[in-house]
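Beneath this line is the structure, given in structure tokens, with notes to follow.
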Amino acid sequence: IYESLENHTSALEYIDKGESMFRLVGNNRGIALCLINKGNIYKRLEQYDQSLLCFEKAFPLIEKADDRNAMLHCYNNVGEVYKYTGSYEKALEYYNKALEGFLSMDEKFGTSACYHNLGETYSLMGDYSKAHEYFDTSLAITKEINFKALEAETFKIKSETYSKQKDFKNAFENFRI
């Protein structure tokens, strides 16, 4: 609740309390999920070193808990941190790790998010044709599973990519959708 209200301080306090309880009972998955949640908050606060530290601490716990889905989401989160810090090659590495796993599980929400993130990263790198390929793949999946929030975000970033290319007609068409 506090995170959705952007009360990051309170959110971190309650996550720390939850993490302490999970440590008391030896619940590795619970501890890992708390660390992932903290990492995501630090990412939103642009405290990227702290965010990466949380994700790195979560990896061995996720492995012990044998939670493949959490591992793949953690890879995707690490990719986002690297994208935000301009380490695009590392971002691509982590997004591709996540994508490979989501595809093998036929997990469409994670798959569509990875394609979106790969497209955004390639756009930031100036490889616009590759970016559009990934955006189009993400859009096909988001439409199939009715993932409206990511569909809207992908159209927005696709529009921005067309603007960078000075293709204002397509930029407008994608923004309008």
Side-chain angles (χ1 to χ4, degrees), residues 1-121 124 134 137-138 141-142 144-154 156-157:
I1 293 172
Y2 287 111
E3 177 57 18
S4 63
L5 295 173
E6 296 189 19
N7 184 342
H8 304 297
T9 303
S10 293
L12 287 169
E13 287 174 16
Y14 280 97
I15 292 169
D16 283 340
K17 288 179 184 178
E19 184 182 345
S20 294
M21 287 195 261
F22 286 125
R23 285 190 188 283
L24 282 173
V25 296
N27 183 328
N28 287 325
R29 184 177 186 277
I31 298 165
L33 293 177
C34 287
L35 288 165
I36 291 169
N37 287 332
K38 286 194 319 192
N40 283 325
I41 291 171
Y42 287 124
K43 182 174 57 173
R44 285 184 200 95
L45 293 171
E46 299 179 2
Q47 295 178 18
Y48 300 122
D49 289 340
Q50 192 66 28
S51 179
L52 282 176
L53 184 64
C54 289
F55 295 138
E56 293 300 326
K57 286 180 181 177
F59 280 127
L61 296 168
I62 295 168
E63 203 167 289
K64 283 181 190 174
D66 196 29
D67 188 340
R68 185 162 166 80
N69 196 43
M71 182 70 78
L72 299 175
H73 283 284
C74 201
Y75 286 150
N76 197 49
N77 288 329
V78 170
E80 283 188 321
V81 172
Y82 284 126
K83 176 183 69 183
Y84 295 143
T85 59
S87 300
Y88 301 131
E89 293 299 328
K90 283 191 99 85
L92 293 174
E93 176 187 332
Y94 277 91
Y95 288 146
N96 279 309
K97 275 185 182 182
L99 177 61
E100 183 181 315
F102 284 132
L103 285 169
S104 74
M105 294 170 56
D106 197 32
E107 206 279 65
K108 293 186 186 286
F109 285 96
T111 300
S112 61
C114 287
Y115 281 124
H116 168 92
N117 288 333
L118 285 161
E120 189 173 3
T121 304
L124 290 166
Y134 282 109
T137 304
S138 177
I141 297 168
T142 58
E144 176 188 337
I145 61 174
N146 201 29
F147 192 177
K148 295 291 185 191
L150 185 60
E151 182 179 359
E153 181 66 16
T154 303
K156 177 181 166 269
I157 303 298

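No experiment lies behind these values; they were computed from the predicted model shown.
- Note: L61 CG to M71 CE = 9.5 Å, rounded to the nearest 0.5 Å.
- In E56, the CD atom is crowded: over 12 heavy atoms of neighbouring residues, nucleotides or ligands sit closer than 6.0 Å.
- Within the 4.5 Å cutoff, side-chain heavy atoms of I36 are placed close to those of I62.
- Between R68 and D66, no side-chain nitrogen of the basic residue sits less than 4.0 Å from a carboxylate oxygen of the acidic one, so the salt-bridge criterion is not met.
- Surrounding CE of M21 are at most 12 heavy atoms belonging to other residues, nucleotides or ligands under 6.0 Å away.
- To the nearest 0.5 Å, the span separating CG on L72 from SG on C114 amounts to 7.5 Å.
- Between E107 atom CD and S112 atom OG the span is 8.0 Å, to the nearest 0.5 Å.
- Contact annotation: the side chain of K43 approaches that of Y48 to within less than 4.5 Å [non-hydrogen atoms, C-beta and beyond].
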Practice prompt. Run the numbers on F55 and V81 for side-chain contact (heavy atoms from CB on, under 4.5 Å), then give the verdict.
Written response: CA-CA 10 Å; F55 295 138; V81 172; 3.9 Å; yes

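- Note that NE2 of H116 and OG1 of T154 are 4.5 Å apart. Values are rounded to the nearest 0.5 Å.
- Proximity of the aromatic rings of H73 and F102 is defined here by a centroid distance below 6.0 angstrom, and this criterion is met.
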Fill in: Evaluation steps, side-chain contact (heavy atoms from CB on, under 4.5 Å), between F147 and I141
CA-CA 8 Å; F147 192 177; I141 297 168; over 6 Å; no

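- The shortest side-chain heavy-atom distance between F109 and T142 does not fall under the 4.5 Å cut-off.
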Show me the donor-acceptor pairs, under 3.5 Å and distance only, between side chains in residues 86-101 and residues at least two apart or in other chains.
{"unit_1": "Y95", "atom_1": "OH", "unit_2": "G79", "atom_2": "O", "d": "3.4"}
{"unit_1": "Y95", "atom_1": "OH", "unit_2": "E80", "atom_2": "N", "d": "3.3"}
{"unit_1": "N96", "atom_1": "ND2", "unit_2": "L92", "atom_2": "O", "d": "3.0"}

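- With a 4.5 Å cut-off on side-chain heavy atoms, L53 and K57 count as touching.
- A donor atom on one side chain and an acceptor atom on the other are not found under 3.5 Å apart for R44 and S51.
- Here CG of L150 is found 13.0 Å from OH of Y115. Values are rounded to the nearest 0.5 Å.
- Taking CD from E120 and CD1 from I157, the interatomic distance works out to 4.5 Å, rounded to the nearest 0.5 Å.
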Worksheet entry | L35/I15 under side-chain contact (heavy atoms from CB on, under 4.5 Å): CA gap, chis, key distance, verdict | CA-CA 8 Å; L35 288 165; I15 292 169; over 6 Å; no

Discussion item. Set out, in order, the CA-CA distance, both residues' side-chain angles and the distance that settles side-chain contact (heavy atoms from CB on, under 4.5 Å) for N146 and K148, then state yes or no.
Written reply: CA-CA 6 Å; N146 201 29; K148 295 291 185 191; 3.0 Å; yes

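- The two residues C34 and G18 have their closest heavy-atom pair at SG-C, 3.9 Å.
- Within the 4.5 Å cutoff, the side chain of N27 has no heavy atoms near those of the I31 side chain.
- Looking at V78 and F59, their side chains come closer than 4.5 Å, going by heavy atoms from C-beta outward.
- Judged as a salt bridge (charged side-chain N to carboxylate O under 4.0 Å, His left out), the pairs with a partner in residues 10-22 (not counting sequence neighbours) are, in order, D16-K38, E19-R23, E19-K38.
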